Structure formats: C-alpha cells, structure tokens
Amino acid sequence: IGLLIDLYNKFCNNNSTLKSLIGLKKLWEYHLTLATFILTFFLSHAYEYWQKVYDTSRMIQGRINDICMLLVVSAQRSRSIQHNTTMTTDMLSQQIEGYNKDAEELVRQCNRLIRMSHTFFWA
C-alpha cells in the first residue's frame with residue numbers, strides 16, 4: 001500500500017491535469033452531499049403529502065359507502081304476496097321483489113350526486 005501511495009503522489013505532483021481533476025473531485029463530493037440531502041428531503045415530504053391525500057380520499061370513500069349503505073338499507077321495497085305450496089292455504093308468504101319505483105329512482109340519483117360531489121372535491 002505504501003508503494004501505491006508513493007506512485008500516486010509522484011504522479012500527482014508531475015501531472016497538472018490530474019491536479020485540476022482533484023479539485024473537480026472535491027467539488028463533486030460537496031455537490032453529491034447537497035444533492036443527496038435535497039432529494040431525501042424532497043422525497044420524504046412528497047411521500048408525506050401523498051400519504052395525506054391517500055388517507056383523505058379513502059376516508060371520503062368510506063363515508064360515501066356508509067351513506068350509500070344507509071340509503072339502500074332504508075329504501076322502501078315492493079312486496080308481492082304469493083301462496084306457498086308447503087304452507088296451509090291460510091298462511092301467506094311475502095317475497096321482496098326489489099325497490100319501489102320511487103325508491104329506486106332516489107337511490108340512483110343520490111348515488112350519482114354523491115359520486116359527482118366526490119369528483120368535484122378533487123377537481
């Protein structure tokens with residue numbers, strides 16, 4: 001190792017181009033440190049911002065799902081009365097066919113308006 005250091009010192013003392021490159025090496029080391037700090041700082045803040053936006057959007061999506069679920073659960077259904085062959089003729093069973101016409105229109109309109117408001121929130 002001592003031989004390599006002697007050869008390096010001897011070569012550096014005799015070559016002016018290599019001496020000017022040593023200055024460039026020091027400059028590069030300073031810029032490398034500064035660039036690493038800036039990129040690390042920027043990326044950490046960018047990730048923090050992205051995480052906040054992601055969490056906010058997921059919370060809004062959860063509340064939209066809650067509203068839609070409450071609306072769908074409480075919407076009026078239409079019923080039809082049918083005779084069940086396994087029961088006696090006195091007993092009637094009611095089967096749910098689907099939403100009432102007005103309730104179906106209300107559910108669709110509310111879902112559309114909720115999705116549109118969510119889109120406008122991010123616009």
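Note that the structure is predicted; figures quoted are calculated from it, not measured.
- Of the charged side-chain nitrogens involved, at least one lies within less than 4.0 Å of a carboxylate oxygen, so that Asp66 and Arg63 count as a salt-bridged pair.
- The two atoms that bring Arg77 and Val72 nearest to each other are NH1-O, 3.1 Å, heavy atoms only.
- Separation of the His45 and Tyr49 ring centroids does not fall under the 6.0 Å cut-off.
- Using a 4.5 Å cut-off between side-chain heavy atoms of Ile, Leu, Val, Met, Phe, Trp and Tyr, with links allowed through other members, Leu32 and Leu27 fall into different hydrophobic clusters.
- Just one residue in the list Arg115, Gln109, Arg108 forms a side chain to side chain contact (heavy atoms under 4.5 Å, CB included) with Asn111, and that residue is Arg115.
- With contacts defined as side-chain heavy-atom distances shorter than 4.5 Å, the pair Met116/Leu113 qualifies.
- Between Val107 and Leu71, the shortest heavy-atom contact is CA-CD2, 4.0 Å.
- The structure places OG1 of Thr56 at 10.0 Å from CD of Gln51, a figure rounded to the nearest 0.5 Å.
- The side-chain heavy atoms of Gln76 and Tyr99, taken from C-beta on, include no pair separated by under 4.5 Å.
- Residue Ser117 holds its OG atom at 5.5 Å from CD1 of Ile64, rounded to the nearest 0.5 Å.
- Taking 4.5 Å as the limit, every side-chain heavy atom of Met69 sits out of range of all side-chain heavy atoms of Asn65.
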